[in-house]
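Structure first, then comments.
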Amino acid sequence: MPAFHIWTLGCQMNVADSLKLAAGLERLGWTEAPEDANADLVVINTCSVRQHAEDRAYGRLHELRRRREQGGTFQVAVMGCMVGPKTDDLQRRFPVVDVWARPQEYDPILAAAGVARDASEGEFWVDTFATPEGPTAYVPVVHGCDKFCTYCIVPLRRGRENSRPADDILDEVRFLAAHGVREVTLLGQTVEAYGHDLEPDATGRYAESGGRPDLATLFAGIDAIEGIARVRFLTSYPKDMTDRIIDAVADQPKVCEHFNIPVQSGDDRMLERMRRGYTVAEYEERVARIRSRIPDVALATDVIVGAPGETDEEFRNTVALLERTGFDVIHVAAYSPRPGTFAYRNQPDDEIGRAHV
C-alpha cells in the first residue's frame with residue numbers, strides 16, 4: 001500500500017488544505033507515513049507570507065534532493081503559496097520536484113497518485129472531509145483575497161475571493177460534530193468577505209443578509225448543529241466587519257467573543273501606502289462598535305514594522321494606537337519584501353523603515 005507524507009508550513013488555511021489532501025489520498029487507498037523517509041509521495045505545503053517560511057521549504061527540498069541522488073525513488077510535490085502561475089524558475093532551481101500545485105489545486109497531486117479527475121466535478125470531492133483527531137477543527141469558508149495590499153503576496157497566489165456554498169460548509173461541520181469535534185474555526189484570508197461573491201438566492205432564503213449568505217448566516221446555521229459548543233473565526237478585515245456580523249457574535253451563544261482584526265499600522269499615510277482601504281479613525285470606529293456590543297470582548301491584532309519609508313512619526317503613531325486600544329494580543333512582524341507584489345516593485349526596502357525593526 002503506497003504511503004504519503006505532508007509537511008505543512010504557514011497559516012491555518014494551509015493546515016486545512018493539507019488535511020483535505022490527506023483525506024483524499026486516504027480515500028484512494030494511500031496511508032499516511034509519520035516521517036517523509038518512509039513515504040512514496042512527499043508533499044510540502046508552502047507559505048510565502050515571509051521569507052523565513054520559504055527558506056524552510058528550500059532547506060527541506062535540498063534534503064530531498066540529496067536523498068534522491070542517493071537512490072531514493074519517492075515522488076516530491078510542492079503546493080501552496082510558494083507556487084505561482086509560472087513555475088519555470090522554481091523548476092530550474094529544484095529539479096527534484098515532480099509536481100507543482102497552486103493553493104487548492106489538488107488535481108496535479110492526485111494525478112501523481114494515479115487519479116485522473118473530471119474537472120466538471122468542481123471542488124475536489126466536496127464530500128471528502130478529514131477525520132479529526134481531536135475536539136477542534138479548521139473549516140475554510142472563503143478562499144483567496146480581493147484586497148491586494150501592496151506588501152501581500154496572498155492574492156497573487158491564492159487568487160480572488162471564492163466562497164464555498166453555505167450548505168457544503170454546514171455539511172462539513174455536521175460531519176466534524178459526528179466525529180467528536182466540539183469547536184470549529186471558520187477560516188478566510190478575510191473571513192467576513194464570505195458570501196460577497198456568491199450569486200443572490202431568489203428564494204428569499206437569505207433575505208436578512210441581502211440575498212446572499214454571510215458570516216452571520218453560518219453562525220446561525222452552526223448554532224443549530226448538535227455537538228458543536230464553540231465557533232471561532234479568522235482573520236478579520238475592518239471594512240468587511242458589518243454591524244450584522246458584530247451583532248451575531250454578540251447574540252449567538254456558541255460564537256466566541258474574540259476578534260483578530262489586523263490593523264498593520266496606526267498611521268494614515270502608511271495605511272494608504274499599504275492600500276489597506278481604511279483610515280485609523282475608521283478602524284477605531286469598528287473597535288468601538290465591537291466593544292459597545294460586547295464589553296468583555298477579546299481583541300487581537302497584527303502589526304507590520306519596518307515597511308518601506310516608515311518614518312519615526314509613523315512608527316510612534318502605531319505605538320500610540322496600540323496603547324490607546326489596549327489589545328489583548330498583538331502579533332508583530334517585520335516587513336518582508338515579497339517578489340511580485342506592488343511594494344516590491346515600487347516601494348523598495350530601505351534603511352528608514354528598517355530602523356524600526
Side-chain angles (χ1 to χ4, degrees), residues 4-28 30-34 43 45-47 79-81 103-104 106 109 122-144 154 158 161-195 213-236 245 248-249 252-260 298 300 329:
F4 69 90
H5 178 81
I6 303 175
W7 188 55
T8 305
L9 295 162
C11 67
Q12 296 91 339
M13 188 70 80
N14 271 14
V15 173
D17 290 347
S18 291
L19 291 172
K20 174 87 168 177
L21 176 61
L25 290 170
E26 288 172 348
R27 175 171 172 166
L28 296 172
W30 288 59
T31 60
E32 185 166 9
V43 181
N45 193 354
T46 60
C47 172
M79 63 183 289
C81 287
Q104 283 95 48
Y106 301 102
I109 301 175
E123 184 182 347
F124 160 50
W125 292 331
V126 295
D127 59 344
T128 298
F129 308 125
T131 301
E133 297 180 350
T136 64
Y138 295 127
V139 180
V141 300
V142 54
H143 300 295
V154 170
R158 287 190 171 269
E161 290 168 358
N162 182 18
S163 299
R164 297 174 59 194
D167 289 342
D168 289 354
I169 295 167
L170 296 178
D171 283 345
E172 181 170 358
V173 175
R174 291 186 189 97
F175 172 89
L176 294 170
H179 287 79
V181 167
R182 297 297 173 258
E183 176 182 302
V184 294
T185 300
L186 307 184
L187 299 179
Q189 252 63 51
T190 53
V191 69
E192 286 89 3
Y194 173 74
D214 64 0
L215 194 61
T217 307
L218 299 180
F219 291 157
I222 295 172
D223 188 68
I225 296 176
E226 186 176 352
I228 299 297
R230 289 199 298 251
V231 181
R232 300 183 185 274
F233 59 102
L234 51 87
T235 298
S236 296
I245 291 173
V249 176
Q252 291 289 346
K254 293 183 180 181
V255 181
C256 294
E257 296 177 340
H258 171 265
F259 292 78
N260 183 1
V329 176

Open item on the list: Counting C-beta onward and ignoring hydrogens, is there a side-chain heavy-atom pair between Phe233 and Leu215 closer than 4.5 Å?
Closed with: yes
Open item on the list: So, using side chain to side chain contact (heavy atoms under 4.5 Å, CB included) as the criterion, who are the partners of Leu9 when residues are at least two apart?
Closed with: Trp7, Cys47, Arg56, Ala57
Task: Ionic contact status for Asp17 with Lys20, cut-off 4.0 Å - done: no
Task: Where Gly221 and Leu170 come nearest, the two heavy atoms and their spacing - done: C-CD2, 3.9 Å
TODO: Over all heavy atoms of both residues, which pair between Gly80 and Pro103 is shortest? Give the atoms and the distance, please.
DONE: O-CD, 3.4 Å
Task: Nearest heavy-atom neighbours spanning Met13 and Pro140 - done: SD-CB, 3.5 Å
Open item on the list: With heavy-atom distances below 4.5 Å as the criterion, would you say the side chains of His5 and Glu32 are in contact?
Closed with: no
TODO: Before giving the answer on side chain to side chain contact (heavy atoms under 4.5 Å, CB included), spell out for Glu161 and Thr190 the whole-Å C-alpha distance, their side-chain angles and the decisive distance to 0.1 Å.
DONE: CA-CA 9 Å; Glu161 290 168 358; Thr190 53; 3.4 Å; yes
- [ ] Say whether Asn45 and Ser18, considering side chains only, have a donor N or O and an acceptor N or O under 3.5 Å apart.
- [x] yes
TODO: List the atom of Val181, the atom of Glu183, and the distance in Å for their closest heavy-atom pair.
DONE: CG1-O, 3.4 Å
Open item on the list: Please evaluate residues Thr136 and Val184 with respect to the criterion side chain to side chain contact (heavy atoms under 4.5 Å, CB included), reporting the C-alpha separation (whole Å), side-chain torsions for both, the decisive distance (0.1 Å), and the verdict.
Closed with: CA-CA 6 Å; Thr136 64; Val184 294; over 6 Å; no
Task: Validation row: Leu234, Gln12 side chains within 4.5 angstrom (heavy atoms) - done: yes
Open item on the list: Which label fits Trp30 and Phe4: parallel for a plane angle under 30°, tilted from 30 to 60°, or perpendicular past 60°?
Closed with: tilted
Open item on the list: One pair to check against side chain to side chain contact (heavy atoms under 4.5 Å, CB included): Glu172 and Arg164. What are the steps and the verdict?
Closed with: CA-CA 11 Å; Glu172 181 170 358; Arg164 297 174 59 194; 2.8 Å; yes
Task: Residue among Leu187, Val191, Asp168 satisfying side-chain contact (heavy atoms from CB on, under 4.5 Å) with Val141 - done: Val191
Task: Side-chain heavy-atom pair Phe219, Leu186 within 4.5 angstrom cut-off - done: yes
Open item on the list: Do Val173 and Ile228 have side chains that approach each other closer than 4.5 Å (heavy atoms only, starting at C-beta)?
Closed with: yes
TODO: State, with a plain yes or no, whether a side-chain heavy atom of Gln104 is found less than 4.5 Å away from one of His143.
DONE: yes
Task: Note, Phe259 side chain near Val249 side chain (heavy atom, < 4.5 Å) - done: yes
TODO: Using a 4.5 Å cut-off on heavy atoms from C-beta on, say whether the side chain of Cys256 contacts that of Val231.
DONE: no
Task: Met79/Ile109 under side chain to side chain contact (heavy atoms under 4.5 Å, CB included): CA gap, chis, key distance, verdict - done: CA-CA 9 Å; Met79 63 183 289; Ile109 301 175; 3.9 Å; yes
Task: Atom of Ala16, atom of Tyr138 and distance for their closest heavy-atom approach - done: CB-CB, 4.2 Å
Open item on the list: Ignoring hydrogens, what is the shortest heavy-atom contact between Cys81 and Arg158? Give both atom names and the distance.
Closed with: SG-NE, 3.5 Å
TODO: Calculate, to the nearest 0.5 Å, the distance between atoms CG and CZ belonging to Leu176 and Arg182 respectively.
DONE: 10.5 Å
Open item on the list: Let me confirm one number: the NE2-OG1 distance from His179 to Thr131, rounded to the nearest 0.5 Å.
Closed with: 5.0 Å
